[in-house]
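A quick write-up on the structure given underneath.
Values reported hereafter were calculated over all heavy atoms of this structure, with side chains retained and with hydrogens, waters and symmetry mates removed.
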Amino acid sequence: MFPWSYGVVLPNITRRQFESTDLGEVLLAHRVICKDEMYEEVDEEAFQSRLWGMFPWDFGGVLTLPQIDRVRWHLFPEIRIEAPEQGEIFEDTIPDIIRIMDLQQEQLARSLGEGHRVIHGVAGSGKTMILGYRCLHLAKVLHKPILALCYNKTLAVRLAEMMMERGVSNQVNVRNFHAWCRDQLTHYHVPLPETHSSGQYAEQLVERLIEAIDRGQVPRGQYGAILIDEGHDFQPEWLKLVVQMVDPETNALLVLYDDAQSIYGGRRRKFSFKSVDVQAQGRTTILRLNYRNTAEVLKVAFEFAKDVLTPEDADEDGIPLIRPESAERHGPVPELVRLSSFAKEADYLARAFQHLHSDGANWGDMAVVYRTAFMGEKVAQRLRAAGIPVSVLTGKAGRNGAKVDPNSVKVVTWHSSKGLEYPVVAIPGLGYLPYDKGDVGEEVRLAYVAMTRAMDRLIMTCHQESPFVERLKAAGTRYAA
């Protein structure tokens, strides 16, 4: 499948000297390039003919993409995803399933170049992975601190753990946006808001930081590079604030964006990047291919939400909604099971997880993604009662030495699941939904994000009819009552 050949370059021997010896008995003449055949005055076509003469094989066919990925896995270990689990380059055991960056992702991670950059990407296209690898690359070449920002607290914890595991946590500071605002105010002795309302507190954090920067109390240009994940959840004034914190000498800013996953803050605000001082004209990339989900999971999720995910035209300075394209990885059709009560839903999920575990699945490959607090509490209680290890993820998980057990079923809210992925995802309580009757469209988008956390298998339950249940039936789920 993979023809190969060889040649020898002799930089200190002319062709005449080569022929005057018996070297030809060891090195075939057509596999050798000699000193006088590499001079600048040598005809280019003649030199090219000698190179091709070393490789006389007819390839006959084209390598498949999985075959090419196996070659790239060996040649470039730095592009492997979850490399510690796949073994080191010199180990004998090679994994059956190769997980590496695709060519576009690798090119972005290696050579984004200078200046402001924007990557529009669908869910599951590898945006967060690119951000992580970009942080590792910049940590090697920059002397100033690097800041990675996102909105989701759980995702911020996960990214921070990745930087710690790679040994760059001293140089790469990972924070969720409002925690970073608070850090800045505290460090530069700006009084914090006194309100007890969490919403007002968050708004006033941002307002006070903007005012402190404008009057010079908090300095601009503190970071050699800033990378923003979940840019779709940032308000325009947040982006304008963050842009000021990039060192003008490096001017390194990367914004990762998927308007289809915008789930915070109610109605979305349309704006151009230029209006918030992000100068990315000519430096915008679109990632359309979804690698996270099987074609079956992606189809159901998209059909469920397509009326609120309609792609919109926009120039490269705008915010386009991008229709995801499947990488054509296949698995079971997502299932929607109707039971007699929510307690029975929890029982069903416990049995389903136990069955998967007995078939060889790890507990850490499973997650319950829930909409409201009581759903998460009830399902977590039922799983524990069945002897299943459970970790309830919050924004504080993983901080202050509180490590999350990797070999446990994760229980996480729809909001906090953003940026996370699991081979098996269960979503209970769909008969109660939509939760917010006032803005069904935003609830549908939120459910779309929850569904696309499932890499291979999506299990959904309900105990009564609802608008969401009807949507899921129409979307092509495997329905069982």
Regarding [X] and [Y], do their side chains bring together a donor and an acceptor under 3.5 Å, going by distance alone?
X    : Y    : value
S5   : R31  : yes
D405 : S391 : no
N152 : H415 : no

For the student: nearest non-hydrogen atoms of [X] and [Y], plus distance:
X    : Y    : result
A301 : T452 : CB-CG2, 3.9 Å
Y223 : Q184 : OH-NE2, 3.3 Å
Y422 : G364 : CD2-O, 4.1 Å
L155 : K418 : CB-O, 3.8 Å
L227 : C135 : CD1-SG, 3.8 Å
V172 : A139 : CG2-CB, 4.3 Å

Straight-line distance of [X] [atom1] to [Y] [atom2], nearest 0.5 Å:
X    : Y    : atom1 : atom2 : answer
L336 : I459 : CG    : CD1   : 11.5 Å
R478 : L458 : CZ    : CG    : 11.0 Å
L136 : L131 : CG    : CG    : 9.5 Å
N407 : D365 : CG    : CG    : 9.0 Å
F302 : N290 : CZ    : CG    : 11.5 Å
Y39  : F47  : OH    : CZ    : 13.0 Å

Is a side-chain N or O of [X] found less than 3.5 angstrom from the main chain of [Y], in a donor-acceptor match?
X    : Y    : result
K144 : G221 : yes
T14  : Q17  : yes
R158 : T154 : no
K127 : L256 : no
Q217 : Y188 : yes
D22  : E25  : no
T250 : G224 : yes
N176 : A179 : yes
T186 : D183 : no
E230 : C150 : no

Any side-chain heavy atom of [X] within less than 4.5 Å of one from [Y]?
X    : Y    : result
F353 : V368 : yes
L472 : M460 : yes
C181 : W238 : no
P423 : R457 : no
S125 : L289 : no
F304 : V444 : yes
L51  : I33  : yes
V404 : K410 : yes

[X] atom [atom1], neighbour heavy-atom count above 12 within 6.0 Å:
X    : atom1 : value
M164 : CE    : no
K240 : NZ    : no
E40  : CD    : no

Applying side chain to side chain contact (heavy atoms under 4.5 Å, CB included), run through H116 and V243 and close with a yes or a no.
CA-CA 9 Å; H116 295 185; V243 169; 4.0 Å; yes
After noting the C-alpha distance and the side-chain angles of D456 and R329, does the key distance pass the side chain to side chain contact (heavy atoms under 4.5 Å, CB included) rule?
CA-CA 9 Å; D456 302 312; R329 194 170 58 82; 2.4 Å; yes
Stacked cation flag R15 on F18, 6.0 angstrom / 45 deg
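Yes, cation above the ring, under 6.0 Å and within 45°.
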Passes side chain to side chain contact (heavy atoms under 4.5 Å, CB included), I13 versus V32? Steps please.
CA-CA 11 Å; I13 298 177; V32 172; over 6 Å; no
Parallel, tilted or perpendicular: which fits the ring planes of H357 and W363, with parallel below 30° and perpendicular above 60°?
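Ring orientation of H357 relative to W363: parallel.
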In this structure, which one of D214, D247, D277 forms a salt bridge (charged side-chain N to carboxylate O under 4.0 Å, His left out) with R220?
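Testing each of D214, D247, D277 against R220, the sole residue satisfying salt bridge (charged side-chain N to carboxylate O under 4.0 Å, His left out) is D214.
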Determine, using ring centers only, whether H187 and W180 are less than 6.0 Å apart.
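No, too far apart.
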Could you give me the CA-CA distance, side-chain angles and deciding distance for M451 and N293, then say whether side chain to side chain contact (heavy atoms under 4.5 Å, CB included) is met?
CA-CA 9 Å; M451 292 177 197; N293 314 119; over 6 Å; no
Verdict with supporting geometry, E303 and K306, salt bridge (Lys or Arg N to Asp or Glu O under 4.0 Å):
CA-CA 5 Å; E303 289 296 323; K306 64 182 179 182; 2.9 Å; yes
K299/E296 salt bridge by N-O under 4.0 Å criterion:
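K299 and E296: not salt-bridged.
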